[in-house]
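FYI, side chains are in, hydrogens and waters are out, and symmetry mates aren't considered; it's all heavy atoms of this structure.
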Amino acid sequence: MSEPIQTSLFDFSIDDDECDEYPSWLYPRNWKTPRWKTAIKRQQLSLPLRNALSSSFLPRSGSWLDVGCGHNLDMPRLQERTDDRYEVHSFDPHYYPKFQKLKNTYSIVSLVYVLNVIEEPVERCKLLQFSWDLCTEAMVIAVRCDGSGQQLTKIGTFQKYYDRDEFLDLLIAYCPGARIFGIGTGHAIACK
């Protein structure tokens, strides 16, 4: 028997009126798989964000929102590593459901390994476009490319792997007008 999908923390901290403000696919209770189980606790800043910081494609300061931040470990590390040049913000529908963060725009938005765990293709596209609309200057996007196809994992999560062309096509389609720069395998910066 499969494990039931647990409710998110946001179920206790968001009122019904606010639920109507955001797309239904943002709410964990509408997910078919337990996506939150894919969040890992890294010991250092994630590789896509390290690659982004060492590139010349990001603004040197501004606001930064990490969409799908999981345990919210990247943003504090990024802030420390950049001597507070960025005003950092985090959002995760399960672990860090600060939905009010989605009412603003940010200089930079990051979407790191989030597209890989969404089982619905249309939802992946909607999230990418939604995140693109939240940024004013650049978006850091990372997907897993270390496999092929898609599958359900042993713990019941979904995993989709991208190849280079599929990833690029996705960015071109859902980040309209973007200048796209590769910064590593499966890592890119889309600039407005």
Side-chain angles (χ1 to χ4, degrees), residues 8-14 18 21-23 25-28 31 34-118 124 126-144 157 167 171 174-175 178 180-192:
S8 169
L9 302 173
F10 88 85
D11 288 331
F12 305 105
S13 62
I14 192 168
E18 194 170 10
E21 292 183 44
Y22 304 101
W25 45 263
L26 274 176
Y27 298 101
W31 300 346
R35 298 174 190 172
W36 58 88
K37 289 183 176 182
T38 63
I40 60 172
K41 293 182 178 178
R42 294 182 184 90
Q43 299 303 310
Q44 62 180 337
L45 186 65
S46 65
L47 181 58
L49 295 190
R50 292 195 317 262
N51 288 347
L53 288 175
S54 50
S55 77
S56 60
F57 305 118
L58 293 179
R60 301 290 299 151
S61 63
S63 57
W64 191 317
L65 175 67
D66 188 19
V67 174
C69 68
H71 299 288
N72 192 29
L73 299 174
D74 265 349
M75 288 297 97
R77 290 178 178 146
L78 181 135
Q79 190 171 31
E80 182 180 304
R81 186 176 182 142
T82 61
D83 299 321
D84 296 323
R85 285 193 328 247
Y86 298 103
E87 175 189 315
V88 299
H89 303 272
S90 301
F91 170 76
D92 186 275
H94 181 79
Y95 291 106
Y96 208 71
K98 304 297 182 185
F99 278 76
Q100 69 275 14
K101 300 286 183 186
L102 303 179
K103 293 181 179 180
N104 303 316
T105 56
Y106 301 87
S107 306
I108 304 166
V109 170
S110 50
L111 195 60
V112 176
Y113 303 126
V114 177
L115 298 175
N116 297 96
V117 303
I118 299 172
R124 289 193 290 267
K126 286 179 178 180
L127 179 61
L128 182 56
Q129 190 167 28
F130 184 83
S131 300
W132 178 244
D133 291 342
L134 289 174
C135 75
T136 59
E137 296 184 56
M139 186 162 64
V140 179
I141 311 103
V143 296
R144 289 189 60 186
T157 60
F167 181 43
L171 295 179
Y174 295 97
C175 301
I180 300 167
F181 304 96
I183 56 169
T185 302
H187 306 168
I189 295 177
C191 296
K192 289 198 170 182

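- The two residues Tyr96 and Ser90 come nearest to each other via the heavy atoms CD2-O, 3.2 Å.
- The CG atom of Leu73 sits 12.5 Å away from the CG atom of Leu78 when rounded to the nearest 0.5 Å.
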**Message:** Is there a side-chain contact (heavy atoms from CB on, under 4.5 Å) between Val67 and Tyr106? Walk through the geometry before answering.
**Reply:** CA-CA 11 Å; Val67 174; Tyr106 301 87; over 6 Å; no

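- By the 4.5 Å heavy-atom criterion applied to side chains, Lys98 and His89 are not counted as neighbours.
- For Phe167, the ring pair (Phe, Tyr, Trp, His ring centres under 6.0 Å) criterion is met by no residue, not counting sequence neighbours.
- Shown here for Gly70 and Tyr95, the closest heavy-atom pair between the two residues is O-CB, 3.0 Å.
- Annotation: the span from Ser46 atom OG to Arg77 atom CZ amounts to 9.0 Å, rounded to 0.5 Å.
- If you run side chain to side chain contact (heavy atoms under 4.5 Å, CB included) between Thr82 and each of Leu45, Val88, Leu53, Leu58, only Leu53 comes through.
- Nearest approach of Leu26 to Phe91, heavy atoms of both residues: CD2-CE2, 4.1 Å.
- In this structure Arg144 satisfies the side chain to side chain contact (heavy atoms under 4.5 Å, CB included) test together with Tyr113, Asn116, Asp146, Gln159, Tyr161, sequence neighbours excluded.
- Surrounding NZ of Lys101 are more than 12 heavy atoms belonging to other residues, nucleotides or ligands, all under 6.0 Å away.
- Among residues two or more places apart in sequence or in another chain, the ring pair (Phe, Tyr, Trp, His ring centres under 6.0 Å) test is passed with Tyr174 by none.
- Atom CG of Leu49 sits about 8.0 Å away from atom CD1 of Ile183, to the nearest 0.5 Å.
- Contact annotation: the side chain of Cys135 never approaches that of Ile108 to less than 4.5 Å [non-hydrogen atoms, C-beta and beyond].
- Arg85 pairs by the salt bridge (Lys or Arg N to Asp or Glu O under 4.0 Å) definition with nothing, not counting sequence neighbours.
- Between the side chain of Arg35 and the backbone N or O of Ile118, no donor-acceptor pair lies under 3.5 Å.
- Here the side chains of Tyr86 and Met75 are not in contact, with every heavy-atom distance at 4.5 Å or above.
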**Message:** Run the side-chain contact (heavy atoms from CB on, under 4.5 Å) test on Asn72 and Asp92 for me, step by step, so that the C-alpha distance in whole Å, both residues' side-chain angles and the decisive distance to 0.1 Å come before the verdict.
**Reply:** CA-CA 8 Å; Asn72 192 29; Asp92 186 275; over 6 Å; no

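- If you look at Tyr22 and Phe130, their ring centroids are not closer than 6.0 Å.
- Leu102 approaches Leu134 most closely through the heavy-atom pair O-CD2, 3.7 Å.
- If you take CG on Asp133 and CG on Leu128, they are separated by 9.5 Å, rounding to the nearest 0.5 Å.
- Applying the side chain to side chain donor-acceptor pair (under 3.5 Å) test to every pair with at least one member in residues 52-67, sequence neighbours left out, gives these pairs: Trp64-Ser110, Asp66-Ser110.
- Contact of the Val117 side chain with the Thr157 side chain is not registered, since no non-hydrogen atoms from C-beta on lie closer than 4.5 Å.
- The two residues Ala178 and Trp132 come nearest to each other via the heavy atoms CB-CH2, 3.6 Å.
- To the nearest 0.5 Å, atoms CG (Leu115) and OG (Ser131) are separated by 7.5 Å.
- The NE2 atom of His187 sits 5.0 Å away from atom CG of Leu47, with the distance rounded to the nearest 0.5 Å.
- With sequence neighbours excluded, no residue forms a side chain to side chain donor-acceptor pair (under 3.5 Å) with Arg42.
- Residues Lys126 and Pro23 fail the side-chain proximity criterion, which asks for heavy atoms closer than 4.5 Å.
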